[in-house]
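A quick write-up on the structure given underneath.
One-based numbering, in listed order, for ligands and for the atoms of each. The figures that follow rest on heavy atoms only: side chains count, while hydrogens, waters and symmetry mates do not.
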Amino acid sequence: MINVIVAGPRGKMGSAALDMIEGEDNLQLVGCIDRKNDQSRVKDIEGLPPFEAKIYEDAEQCLKETDADVLIDLTTPEFGYKHTKASLEHGVRPVVGTTGFTEEQLQEVTKLSEEKKLGAVIAPNFATGAVLMMQFAKWAAKHFPDVEIIEKHHDQKLDAPSGTAVKTAQLIKEERERKSQGHPEEKETIEGARGADVDGMKIHSMRLPGLVAHQEVVFGGDGQTLTIQHDSMNRASFMSGVKLSCEKVMELDTLVYGLEHLLE
Ligand SMILES: NC(=O)C1=CN([C@@H]2O[C@H](COP(=O)(O)OP(=O)(O)OC[C@H]3O[C@@H](n4cnc5c(N)ncnc54)[C@H](OP(=O)(O)O)[C@@H]3O)[C@@H](O)[C@H]2O)C=CC1
Ligand SMILES: O=C(O)C1=N[C@H](C(=O)O)C[C@H](O)C1
């Protein structure tokens with residue numbers, strides 16, 4: 001049995017994680033970290049499954065009082081980072097879906113996980129299809145170095161570009177020489193028109209109601225284009241990755257960044 005804390009239980013992802021845990025025999029909810037409803041039971045919060053587990057506003061208290069193996073964080077970049085550090089300090093393995101960590105923050109928690117010899121998973125995208133989309137994009141970049149990324153999300157998303165787009169750009173960067181794209185003398189007549197720049201490749205972020213999580217990686221070559229596209233239609237699409245991460249993190253003693261390292 002793996003004892004799990006969920007941070008962000010009322011959120012879109014956190015509540016989907018509770019539903020997933022409810023249906024799994026090897027995962028047990030032992031506590032939640034929220035910024036509301038201190039000391040309430042999960043079952044008393046409208047819309048959440050009937051768990052007896054307690055809600056804590058104080059993450060430290062939750063980590064101390066529950067006999068947790070894993071902390072799943074699905075909150076905000078600021079609190080996700082704090083929870084990840086606190087979790088490692090308390091000997092609890094973090095599984096982090098929260099996006100928007102800085103490079104420095106990632107390095108810091110990687111170092112802490114090494115020092116503590118404690119497994120951790122940070123996955124910008126838990127959907128298997130999104131992981132494949134990123135791997136296919138990395139492969140394609142060998143042959144098509146000109147590429148732009150278009151990510152589309154619901155309009156409640158806090159971070160832009162998405163963690164998935166940033167990770168995709170990093171994977172492509174590993175495959176190709178740095179290059180500037182477009183006309184060398186191109187000028188933006190409206191600021192931002194060409195999108196964000198990562199190592200010469202552009203990322204465009206769209207936010208609209210009705211969307212969930214979608215990305216196109218568009219490559220251009222001589223007389224041809226190649227588009228690799230992934231769409232998450234709902235949050236259930238992420239849950240097999242969350243479950244797998246909870247299981248695999250128990251066997252790790254360092255931090256892994258990206259679900260691709262856990263898929264066989
Ligand atoms: N890796 C992946 O596959 C995926 C990652 N994500 C990422 O997961 C994160 C959450 O996304 P989503 O569920 O859509 O966002 P939501 O805004 O729906 O949920 C976030 C929840 O965290 C709560 N929260 C905020 N601060 C704290 C705190 N200090 N302690 C505990 N809880 C807190 C919020 O509370 P309140 O309601 O009061 O604001 C809210 O309930 C984002 O970073 C997103 O990018 C999303 C989808 C997939
Ligand atoms: O906020 C979201 O919704 C999502 N966030 C992650 C990201 O930033 O890449 C994963 C997925 O795209 C959904």
(message) Under 4.0 Å, heavy-atom basis, I'd like to know which part of Ala213 is in contact with ligand 2: side chain, backbone, both or neither.
(response) side chain

(request) Please determine if Glu57 and Arg35 form a salt bridge, counting it only when a charged side-chain N lies under 4.0 Å from a carboxylate O. (result) no

(message) Please list the nearest protein heavy atom to atom 46 (C) of ligand 1 with its residue and the distance rounded to 0.1 Å.
(response) Met13 CG, 3.5 Å

(message) Less than 4.0 angstrom from a charged side-chain N to a carboxylate O is my criterion; do Asp231 and Lys152 meet it?
(response) no

(message) I'd like to know if Glu260 pairs up with Lys167 as an ion pair, taking the criterion as any Lys NZ or Arg NE/NH1/NH2 lying under 4.0 Å from an Asp or Glu carboxylate oxygen.
(response) yes

(request) Would you mind running through ligand 1 and noting each atom that sits below 4.0 Å from a heavy atom of Asn125? (result) 1 (N), 2 (C), 3 (O)

(request) Starting from atom 19 (O) of ligand 1, find the nearest protein heavy-atom neighbour and note its residue, name and distance. (result) Gly11 CA, 3.2 Å

(request) Give a yes/no verdict on whether any heavy atom in Ala7 is under 4.0 Å from an atom of ligand 1. (result) no

(request) State the atoms of ligand 1, each with its element, that fall below the 4.0 Å cut-off from a heavy-atom position in Leu74. (result) 10 (C), 20 (C), 21 (C), 22 (O)

(message) Between Lys64 and Glu60 (salt bridge meaning N to carboxylate O under 4.0 Å), is one present in this structure?
(response) no

(message) Could you identify the single nearest non-hydrogen protein atom to atom 6 (N) of ligand 1 and state the distance to 0.1 Å?
(response) Gly97 O, 3.7 Å

(message) Using a 4.0 Å cut-off to any heavy atom of Ile33, which atoms of ligand 1 qualify?
(response) 31 (C), 32 (N)

(message) Among all the protein's non-hydrogen atoms, which is closest to atom 30 (N) of ligand 1, and how far away is it?
(response) His83 CE1, 3.7 Å

(request) Return yes if some donor-acceptor pair links the side-chain N/O of Thr225 with the main-chain N/O of Gly220 below 3.5 Å, else return no. (result) no

(message) If the cut-off is 4.0 Å to any non-hydrogen atom of Ser162, which atoms of ligand 2 fall inside it?
(response) 7 (C), 8 (O), 9 (O)

(request) Applying salt bridge (charged side-chain N to carboxylate O under 4.0 Å, His left out) between Asp197 and each of Lys173, Lys202, Lys179, report the one that passes. (result) Lys202

(message) Looking at Lys82 and Glu78, is there a salt bridge between them, counting it only when a charged N and a carboxylate O are closer than 4.0 Å?
(response) yes

(message) Counting only nitrogen or oxygen atoms and a 3.5 angstrom limit, does Gly163 reach ligand 2?
(response) yes

(request) Heavy-atom distances under 4.0 Å are what count here, so tell me which part of Pro124 touches ligand 1: side chain, backbone, both or neither. (result) backbone

(request) Please could you name the atoms of ligand 2 that Thr99 approaches to less than 4.0 Å, counting only its heavy atoms? (result) 6 (C), 7 (C), 8 (O)

(request) Mind checking whether Phe238 contacts ligand 1 via backbone (N, CA, C, O), side chain (CB onward), both or neither, at a 4.0 Å heavy-atom cut-off? (result) side chain

(request) Could you list which atoms of ligand 1 come closer than 4.0 Å to a heavy atom of Lys157? (result) 45 (O)

(message) For atom 10 (C) of ligand 2, what's the nearest protein heavy-atom neighbour? Residue, atom name and distance, please.
(response) Pro124 O, 3.2 Å

(request) Specify the protein heavy atom at minimum distance from atom 42 (C) of ligand 1: its residue, its atom name, and the distance to 0.1 Å. (result) Thr75 O, 3.7 Å

(request) Could you check which of Lys157, His214, His154 puts a non-hydrogen atom nearest to atom 3 (O) of ligand 2? (result) His154

(message) Assess whether a salt bridge exists between Glu148 and Arg194, defined as any Lys/Arg side-chain N lying under 4.0 Å from an Asp/Glu carboxylate O.
(response) yes

(message) Starting from atom 12 (O) of ligand 2, what is the nearest protein heavy atom, named by residue and atom, and what distance separates them?
(response) His153 NE2, 2.6 Å

(message) Any carboxylate oxygen within less than 4.0 angstrom of a Lys/Arg side-chain nitrogen, looking at Asp253 and Lys117?
(response) no

(message) Under 4.0 Å from a heavy atom of Asn125: which atoms of ligand 2 are those, numbered in the order shown and with their elements?
(response) 10 (C), 11 (C), 12 (O)

(request) Examine the proximity of ligand 1 to Pro77 and report which part, side chain or backbone, both or neither, has a heavy atom under 4.0 Å away. (result) neither

(message) Salt bridge or not between Asp34 and Arg10? Use side-chain N to carboxylate O under 4.0 Å.
(response) yes

(message) What protein heavy atom lies closest to atom 44 (C) of ligand 1? Include the residue and the distance to one decimal.
(response) Thr99 OG1, 3.7 Å

(request) Nearest heavy atom to atom 17 (O) of ligand 1 wins, so pick from Lys12, His154, Gln156, Lys36. (result) Lys12

(request) Could you tell me how the ring of Phe219 sits relative to the ring of Phe144: parallel (under 30°), tilted (30 to 60°) or perpendicular (over 60°)? (result) tilted

(request) Output yes when the distance from some N or O of ligand 2 to some N or O of Thr164 is under 3.5 Å, and no in every other case. (result) yes

(request) May I ask you to decide if Met1's main-chain N or O and Asn26's side chain share a donor-acceptor pair within less than 3.5 Å? (result) no

(request) Among all protein heavy atoms, pick the one closest to atom 3 (O) of ligand 1 and tell me residue, atom and distance. (result) Phe126 N, 2.7 Å

(message) Quick one, Val42 and Glu52 - any side-chain contact, counting heavy atoms below 4.5 Å?
(response) no

(message) Taking Lys157 first and then Glu151, would you say they form a salt bridge - that is, a charged N and a carboxylate O separated by under 4.0 Å?
(response) no

(request) Considering only non-hydrogen protein atoms, determine which one is nearest to atom 39 (O) of ligand 1 and report residue, atom name and distance to 0.1 Å. (result) Arg35 NH2, 2.5 Å

(message) If you compare all heavy atoms of Tyr56 against all heavy atoms of Asp38, which two are closest, and at what distance to 0.1 Å?
(response) CA-OD1, 3.4 Å

